[in-house]
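For reference, the structure discussed in these notes is given below.
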2 protein chains.
Amino acid sequence: MSTSTENYHHGSLRDALLKEGIAALEGDKGKEPSLRELARRVGVSATAVYRHFPDKQALNRALAREGSKLLGNAQKKAADTAPDLPTKFALTGRAYVRFALAHPVLFRLMFTQGEPVESGEEGPDPARELLTDITCKLSATREEAERLALQAWSIAHGIAMLMLDGRIPADDKFIDHLLDTGSLFPFQGRSSEESP
Amino acid sequence: MSTSTENYHHGSLRDALLKEGIAALEGDKGKEPSLRELARRVGVSATAVYRHFPDKQALNRALAREGSKLLGNAQKKAADTAPDLPTKFALTGRAYVRFALAHPVLFRLMFTQGEPVESGEEGPDPARELLTDITCKLSATREEAERLALQAWSIAHGIAMLMLDGRIPADDKFIDHLLDTGSLFPFQGRSSEESP
DNA sequence: ACCTCTATGTTTACGGTGTTCACTTTAGGC
DNA sequence: GCCTAAAGTGAACACCGTAAACATAGAGGT
């Protein structure tokens, strides 16, 4: 009984906290759980958390990194279903916004608590890598690729945020309507259809 | 001595709270002040606040509305310096992002605490009105105008948020670089220069 | 002029939070 | 089989938002 769960001593508390933390963030409530609440859920005293994270912010950062992985996977999966690059590009953006709507609290946390731009340190953001990877193949110059990537990111992020904040109807069709920037990205045709 | 400040009994507490609240949000700290802290600053007991706002969220909403006015003014001022519509459009977007960078906490509050999309009720958002006003004149159909407005809003908002969250360098030149969406909006030329 | 009534502000209190500190337990290496 | 360092505990502190009961002052009718 020392393999995984059940016996927190030695081993699993940190993972258990992350797992329960993510689960809590997915919960219907629009609020992130408190440190104490989280400890309660996992059946441990509040202060035990401090054996694994220096403070709540560190916990949140870990959760945010977990979320980045999830987002990266979602986008990768979306991109893999696309036949050509332009479609990959479009589906990637759509997956981004959909992820935000599907995990609102986690998504917010990812950007509120994330690392402060000095990219190097932590594991590289997979979502960002995928994006620049695509735009590099789509653009002539490296400069244009970077600009394209950041502009696309901005649009998707803006749509996601405005929808999360209730400023724009969070409608699935509406996502596509807004993401279809027509002439902005010349390669982006009216080709691909809705995926299920 | 009953005209304005000095004697809170009868009159000015609500306004004083809003004023001090905005001031606190502008303060260097990246954190919104607590209810109690705010009351302390204004020299009143914590519970006195509840005579003017049902709860903290209501106070925040009032502050958010105040912020919207400020943003609206900033954009209007920016738009007024522009000779033609396309330039108005461009400068409006730029003013939006710059406002966010200049008042990060307030800007966040405006969208975190704002009314839930059912526009009607409160005073109409001046910034949004200005934007749709411009895009209506720029687009042929009403539909295209609305789409243009929301797409432009999304880009600006995305840039603002990503910069606030430290995902993108919050550089002044960079704002223009990203906001220049080239062919997206055909009318948008390379005409206008930097404003002081 | 008085008395009253209501709007405004105060004190006290409760449950919740993040975090610190001194302590106990426990698992694994010698 | 000890012993030590890692892992978990409980009490305590300073905050927070909010509720309830109380205090006061100022306007307005009589």
Side-chain angles (χ1 to χ4, degrees), chain A residues 1-25 27-64 105-106 108-109 112-114, chain B residues 1-25 27-64 105-106 108-109 112-114:
Chain A
M1 67 273 298
S2 66
T3 48
S4 58
T5 76
E6 189 89 41
N7 183 5
Y8 287 140
H9 241 239
H10 243 208
S12 48
L13 213 202
R14 189 191 152 102
D15 292 351
L17 281 173
L18 288 184
K19 197 168 113 182
E20 194 65 30
I22 297 260
L25 289 178
D28 37 2
K29 305 133 198 356
K31 199 70 200 117
E32 65 176 278
S34 70
L35 220 167
R36 292 172 107 110
E37 164 83 10
L38 205 54
R40 239 173 271 135
R41 283 211 211 192
V42 99
V44 97
S45 84
T47 56
V49 179
Y50 288 83
R51 296 296 150 189
H52 300 271
F53 301 96
D55 55 12
K56 188 193 164 99
Q57 211 195 155
L59 207 207
N60 281 344
R61 254 178 292 144
L63 287 174
V105 196
L106 177 58
R108 275 209 160 86
L109 196 71
T112 296
Q113 309 282 343
Chain B
M1 69 270 298
S2 64
T3 48
S4 57
T5 77
E6 189 85 43
N7 182 4
Y8 286 143
H9 240 242
H10 246 206
S12 48
L13 214 202
R14 189 192 153 102
D15 291 351
L17 282 173
L18 287 184
K19 198 169 112 183
E20 194 66 31
I22 297 260
L25 288 178
D28 38 0
K29 305 131 197 358
K31 198 73 199 112
E32 64 176 280
S34 70
L35 221 166
R36 292 172 108 110
E37 164 82 10
L38 204 54
R40 239 174 273 136
R41 284 210 211 191
V42 98
V44 96
S45 84
T47 57
V49 179
Y50 288 84
R51 296 297 149 187
H52 301 271
F53 301 96
D55 55 12
K56 188 194 165 96
Q57 210 196 155
L59 207 207
N60 281 344
R61 254 177 291 145
L63 286 174
V105 197
L106 177 58
R108 274 209 159 87
L109 196 72
T112 297
Q113 309 281 343

> Where along nucleotides 10-17 of chain C does protein come under 4.0 Å, by heavy atom, of base (B) or sugar-phosphate alone (S), with - for untouched nucleotides?
Replying inline: BBBB---B
Spacing of [atom1] belonging to [X] relative to [atom2] belonging to [Y], to within rounding of 0.5 Å:
| X | Y | atom1 | atom2 | value |
| --- | --- | --- | --- | --- |
| Leu63(B) | Glu20(B) | CG | CD | 11.0 Å |
| Ser12(B) | Lys19(B) | OG | NZ | 9.5 Å |
| Arg36(B) | Ser45(B) | CZ | OG | 9.5 Å |
| Leu17(B) | Leu38(B) | CG | CG | 5.5 Å |

Integer-rounded Å distance: [N] [atom2] and [X] [atom1]:
| X | N | atom1 | atom2 | result |
| --- | --- | --- | --- | --- |
| Asp55(B) | dC16(D) | CG | C1' | 14 Å |
| Gln113(B) | dG17(D) | CD | P | 12 Å |
| Leu17(B) | dT8(C) | CG | C1' | 12 Å |
| Tyr50(A) | dC21(C) | OH | P | 12 Å |
| Leu38(A) | dG8(D) | CG | P | 14 Å |
| Phe53(B) | dT18(D) | CZ | P | 13 Å |

> What residues form a side-chain contact (heavy atoms from CB on, under 4.5 Å) with Leu35(A), not counting sequence neighbours?
Replying inline: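 Residues passing side-chain contact (heavy atoms from CB on, under 4.5 Å) with Leu35(A): Val49(A), Tyr50(A), Lys56(A).
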> Quick one: salt bridge (Lys or Arg N to Asp or Glu O under 4.0 Å) partners of Arg51(A), sequence neighbours excluded?
Replying inline: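 Result, salt bridge (Lys or Arg N to Asp or Glu O under 4.0 Å) vs Arg51(A): none returned.
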> Can you tell me if the side-chain N/O atoms of His52(B) get under 4.0 Å from OP1 or OP2 in dA7(C)?
Replying inline: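 It does not, given that no N or O in the side chain of His52(B) lies less than 4.0 Å from OP1 or OP2 of dA7(C).
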